[in-house]
Amino acid sequence: MRKWLPAAALLAAFITGPATAGPIVIKFSHVVAENTPKGKMANRFKALVEERLAGKVAVEVYPNSQLFGDNKVLEAMLLGDVQIGAPSLSKFSRYTSSMEIFDLPFLFKDLHAVERFQKGEAGQAMLDSMRDKGLIGLGYLHNGMKQMSAYTPLHKPSDAKGLKFRVQTSDVLAAQFEVLGATAVKKPFSEVFTLLQTKAIDGTENPWSNTYSKKFFEVQPYITETDHGVLDYMVVTSTEFWQGLPDDIRAELKKAIEEAVEYGNSVALEQAGQDRQAIIDSGRSEVIALTPEERAEWVDAMRPVWKQFEDRIGKDLIEKALAANNR
Ligand code: LMR
């Protein structure tokens, strides 16, 4: 029977014409868990594409750094091994220094201010700022404001002195800990839990959803509610892949991305609140609230970082970001 199969296949091809290439495959690689704003956005995008482009496009979502860590995903995208990703804004500095604005400590007062800046002219222009490097931004996705966690309580900036903190691959984030007299260690997200568990590092900074979903709170007895910075994402694709799509498919995919991003953004704030509460309820970590005086001390201690990066990021851009706090 087996030896007749090729002949049967040939006959079928003769009758039906050459076999079609099959659906366009989109690999969406990310590093966080599925029960986070980014995980939910990616899964919603897949569901929308399945519903609207069945047979034409197939989306494969790889969460939890299963395919690539965020430090590698952009390189993989440029090589055509991944088609869509949503790395944190802190991971783009190699491609455009303007994106470092999002890492300046105590710049945005809350997520609403971040959103106003992203939706404004400067924020929208940044989506297109990496085209010549082969990357196109398709939208901003929220996670949330960051907290600092450690093995010892952090009430004042001096409490961080001498400690080792993991940071993403951003010079601004490294400088932010160095001005406190702490050591910044740039490491991939997938290594953070083990680094904390083995006490190779003393602390880290993360939004509530990452601290909860990756169980960092189980190995960090103290979390200080600093809200000192933002962790948001840019949904990106490669220029080559995106421009190479048929117009109708690209338009449909763009719509699906926009709807999925809107959904992800709509759950981000609520998710942060729920995950914060779940951490408190677990009793594993003490959540430390800062008094206004303590908070002012953190702001004063970290503010010199703005000056350090002002030329690289652009004074104008910093002013535009500050203006987004006031509306
Ligand atoms: C991190 O590396 O801490 C974050 O970028 C992870 C993420 O994607 O939220």
Is the distance from the ring center of Tyr212 to that of Phe217 below 6.0 Å?
yes
Kindly say whether Lys164 contributes a backbone atom to a donor-acceptor pair with the side chain of Asp202 at under 3.5 angstrom?
yes
Do side-chain atoms of Ser97 reach the backbone of Ser93 as a donor and acceptor pair under 3.5 angstrom?
no
Taking Phe117 as the fixed residue, which of Asn325, Leu317, Leu322 is the one that meets the side chain to side chain contact (heavy atoms under 4.5 Å, CB included) rule?
Leu317
Interatomic distance, Leu245 atom CG to Gln243 atom CD [nearest 0.5 angstrom]:
9.0 Å
Rounded to the nearest 0.5 Å, what's the gap from NZ on Lys307 to CD1 on Ile318? Could you check?
8.5 Å
Glu258 bridged to Lys255 by N-O distance under 4.0 Å
no
Do side-chain atoms of Arg250 reach the backbone of Trp242 as a donor and acceptor pair under 3.5 angstrom?
yes
Taking Val267's backbone N and O only, do any of them form a donor-acceptor pair with Glu270's side chain (distance below 3.5 Å, no angle check)?
no
Are Asp159 and Leu180 packed together at the side-chain level, in the sense that at least one heavy-atom pair is separated by less than 4.5 angstrom?
no
Please tell me if the side chains of Val305 and Leu104 come closer than 4.5 Å, counting only heavy atoms from C-beta onward.
yes
Would a single hydrophobic cluster contain both Ile257 and Met126, if residues Ile, Leu, Val, Met, Phe, Trp and Tyr are joined by side-chain heavy-atom contacts under 4.5 Å?
no
Which atom pair, heavy atoms only, marks the closest approach of Ser65 to Ser190?
OG-CB, 3.8 Å
Quick one: does Glu259's side chain get under 4.5 Å of Tyr263's, heavy atoms only?
no
Between Asp300 and Arg303, is the closest basic N to carboxylate O distance under 4.0 Å?
no
Are Val167 and Val185 packed together at the side-chain level, in the sense that at least one heavy-atom pair is separated by less than 4.5 angstrom?
no
Charged N to carboxylate O under 4.0 angstrom, Glu225 versus Lys146?
no
Taking the side chain from Gln83 and the backbone from Lys27, do they hold a donor-acceptor pair closer than 3.5 Å?
yes
Does Glu262 CD have over 12 foreign heavy atoms under 6.0 Å away?
no
Counting N and O atoms only, with roles assigned by atom type, does the side chain of Trp306 sit under 3.5 Å from a partner on the main chain of Pro105, one being a donor and the other an acceptor?
yes
Checking Leu78 against Phe241 for the side chain to side chain contact (heavy atoms under 4.5 Å, CB included) test, could you report, in this order, the C-alpha distance in whole Å, the side-chain angles of both residues, the deciding distance, and whether it holds?
CA-CA 9 Å; Leu78 293 172; Phe241 169 73; over 6 Å; no
To the closest 0.5 Å, what do you measure between CZ (Phe28) and CG (Leu67)?
12.0 Å
Distance, nearest 0.5 Å, that separates NZ of Lys215 from OG of Ser282
10.5 Å
Go through the steps for Leu269 and His112 under the test side chain to side chain contact (heavy atoms under 4.5 Å, CB included), then give the verdict.
CA-CA 10 Å; Leu269 265 179; His112 300 295; 3.8 Å; yes
Pro87 and Phe92 have their tightest heavy-atom pair at O-CE1, 3.6 Å
Taking only residues two or more places apart in sequence, or in another chain, which ones meet Phe189 in a ring-ring contact (aromatic ring centres under 6.0 Å, His included)?
Phe216
Taken to the nearest 0.5 Å, the spacing of Arg131 CZ from Ile136 CD1 works out to 4.0 Å
Heavy-atom side-chain proximity of Leu89 to Tyr140 below 4.5 angstrom
yes
Does Glu51 CD have over 12 foreign heavy atoms under 6.0 Å away?
yes
Before you tell me yes or no, could you show the steps for Ile26 and Leu253 under side chain to side chain contact (heavy atoms under 4.5 Å, CB included), namely the whole-Å CA-CA distance, both residues' side-chain angles and the distance that decides it to 0.1 Å?
CA-CA 10 Å; Ile26 294 183; Leu253 287 174; 3.7 Å; yes
Would Ser90 and Asp103 count as having a side-chain donor-acceptor pair, cut-off 3.5 Å?
yes
Quick check against the 3.5 Å criterion: does Thr204 have a side-chain atom that pairs as donor or acceptor with the backbone of Phe165?
no
Between Gly137 and Val236, the two heavy atoms sitting closest are CA-CG1, 4.0 Å
Might you confirm whether atom NZ of Lys119 has over 12 heavy atoms from other residues, nucleotides or ligands at distances under 6.0 Å?
no
Is there side-chain contact between Arg295 and Phe106, with at least one heavy-atom pair below 4.5 Å?
yes
Can you confirm whether more than 12 heavy atoms, excluding those of Glu240, are under 6.0 Å from its CD atom?
no
Would you mind listing every side chain to side chain donor-acceptor pair (under 3.5 Å) that reaches into residues 31-49, with sequence neighbours excluded?
Glu34-Asn43, Lys40-Gln271, Lys46-Glu50
Tell me, with the steps shown, if Ile84 and Phe45 meet side chain to side chain contact (heavy atoms under 4.5 Å, CB included).
CA-CA 11 Å; Ile84 293 187; Phe45 170 64; 4.0 Å; yes
Indicate the atoms forming the closest heavy-atom contact of Glu75 with Tyr95, along with that distance.
N-OH, 4.1 Å
How about Phe177 and Thr183: do any of their side-chain heavy atoms sit closer than 4.5 Å?
no
To the nearest 0.5 Å, atom CD of Glu191 lies from atom CD1 of Ile201 at 9.5 Å
Is there a ring-ring contact (aromatic ring centres under 6.0 Å, His included) between Tyr151 and Tyr222? Walk through the geometry before answering.
CA-CA 6 Å; Tyr151 273 101; Tyr222 299 99; 9.1 Å; no
Is Val57 reachable from Met77 through a run of hydrophobic residues whose side-chain heavy atoms are each under 4.5 Å from the next?
no
Can a donor-acceptor pair be found between the side chains of Thr224 and Thr226 at a distance below 3.5 Å?
no
Under 3.5 Å donor-acceptor, Lys56 side chain and Pro23 backbone
no
Between Tyr233 and Asn143, does any side-chain donor sit less than 3.5 Å from a side-chain acceptor?
yes
Any donor-acceptor pair under 3.5 Å from Glu218 side chain to Arg284 backbone:
no
Can you say whether the rings of Phe102 and Phe108 are parallel (under 30°), tilted (30 to 60°) or perpendicular (over 60°)?
parallel
If two hydrophobic side chains count as joined below 4.5 Å and joins carry through other members, does Met302 share a cluster with Leu163?
yes
Under 4.0 Å between a side-chain nitrogen and a carboxylate oxygen: does that hold for Arg312 and Asp171?
yes
Are the side chains of Leu141 and Met234 in contact, using a 4.5 Å heavy-atom criterion?
no
Glu205 and side-chain hydrogen bond (donor to acceptor under 3.5 Å, both in side chains): which partner among Gln168, Gln147, Gln176?
Gln176
Give the minimum heavy-atom separation between Ile223 and Ser149, together with the two atoms involved.
CG1-CB, 3.9 Å
Between Lys214 and Asn64, do the side chains contain an N or O donor and an N or O acceptor separated by less than 3.5 Å?
yes
Identify the two heavy atoms, one from Ala272 and one from Trp208, that lie closest to each other, and give their separation to 0.1 Å.
O-CB, 3.6 Å
State plainly whether one hydrophobic cluster holds both Met41 and Leu138, where clusters connect Ile, Leu, Val, Met, Phe, Trp and Tyr through side-chain heavy atoms under 4.5 angstrom apart.
yes
